[in-house]
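Below is one structure, written out as structure tokens; the observations come after it.
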Amino acid sequence: DAGVTQSPTHLIKTRGQQVTLRCSPKSGHDTVSWYQQALGQGPQFIFQYYEEEERQRGNFPDRFSGHQFPNYSSELNVNALLLGDSALYLCASSGERERADTQYFGPGTRLTVL
Amino acid sequence: LAKTTQPISMDSYEGQEVNITCSHNNIATNDYITWYQQFPSQGPRFIIQGYKTKVTNEVASLFIPADRKSSTLSLPRVSLSDTAVYYCLVGGNTGFQKLVFGTGTRLLVSP
């Protein structure tokens, strides 16, 4: 049973560029959430997708957008990258058979903005 | 969402029992208490969850007093591999549930 997978593992971009991160949820899960984790901090909620729609969003600017596909996989897009966007980006999935606060995280994508 | 307070860091030695206490004075009636563990450069991992009294699994125990304003994660006989950050979260089970993490407790286990 595959867990949550994310790609790429690491990414280096320059300011102003755009980036796309990808996530495949755990088998049987239909809800995907994205979190940003700065160094030394806890993960911060970006947004959540269910049935291909964004249904909740954290305090992040519109530069952060996402998408969920019919197979429940998801993408996180960040436009006009800033130095402060450097962080570990985590994807988490959850499903109907468990509580919504029981989420399974992927290994993350380390984004470095130069 | 209820705010949680936990120690910034703790030190222990291999073989000892570690207890990490979390305060959540404003916990709501429907909220559960959930603990996650995170190793460096990895995503958090669900450890244990409970509503009241005591919950035990193969990894840890969770003690919750009757007033539910605090909880204690107990790790029996820790090893070096238990060195990680431990997060205490409280929340409900709504379909739109987001996890609210604090800065967590950094546990360092030494030989």
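Letters A, B, ... mirror the listed sequences (proteins, then strands); counts begin at 1.
- Counting heavy atoms from C-beta on, the side chains of B/T103 and A/Q41 come closer than 4.5 Å.
- Within the 4.5 angstrom heavy-atom criterion, only backbone atoms of A/P107 (N, CA, C, O) approach chain B.
- For the pair A/F105/A/C91, no side-chain contact is recorded, criterion being any heavy-atom separation below 4.5 Å from C-beta on.
- With salt bridges taken as basic N to acidic carboxylate O contacts below 4.0 Å, none links A/D85 and A/K13.
- Of the residues A/T112, A/V113, A/L21, the one that meets the side-chain contact (heavy atoms from CB on, under 4.5 Å) test with A/L11 is A/L21.
- Chain A is approached within less than 4.5 Å, heavy atom to heavy atom, by B/S41, B/Q42, B/G43, B/P44, B/F46, B/Q49 from residues 40-62 of chain B, ordered by number.
- Proximity of B/L99 to B/T34: side-chain heavy atoms (C-beta onward) are nowhere separated by under 4.5 Å.
- For A/F47, no part lies under 4.5 angstrom from a heavy atom of chain B.
- Residues of residues 5-23 of chain B lying under 4.5 angstrom from chain A, judged on non-hydrogen atoms, do not exist.
- The closest side-chain donor-acceptor pair between B/H24 and B/S71 falls under 3.5 angstrom.
- Using a 4.5 Å heavy-atom threshold, the side chains of B/N26 and B/K69 count as separate.
- By number of non-hydrogen pairs under 4.5 angstrom with chain B, the leading residue of A/S33, A/P43, A/G42 is A/P43.
- Side chains of A/Q68 and A/E75: no donor on one and acceptor on the other come within 3.5 Å.
- Looking at A/F64 and A/D62, their side chains never come closer than 4.5 Å, going by heavy atoms from C-beta outward.
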**Stepwise side-chain contact (heavy atoms from CB on, under 4.5 Å) check, A/L90 with B/Q38** = CA-CA 12 Å; A/L90 296 161; B/Q38 186 177 26; 4.2 Å; yes
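- For B/Y36, the part lying under 4.5 angstrom from a heavy atom of chain A is the side chain only.
- Taking 4.5 Å as the limit, every side-chain heavy atom of A/S7 sits out of range of all side-chain heavy atoms of A/T109.
- Between A/Q36 and A/F60, the closest side-chain pair of non-hydrogen atoms falls below 4.5 Å.
- With a 4.5 Å cut-off on non-hydrogen atoms, A/Q44 touches chain B through its side chain but not through its backbone.
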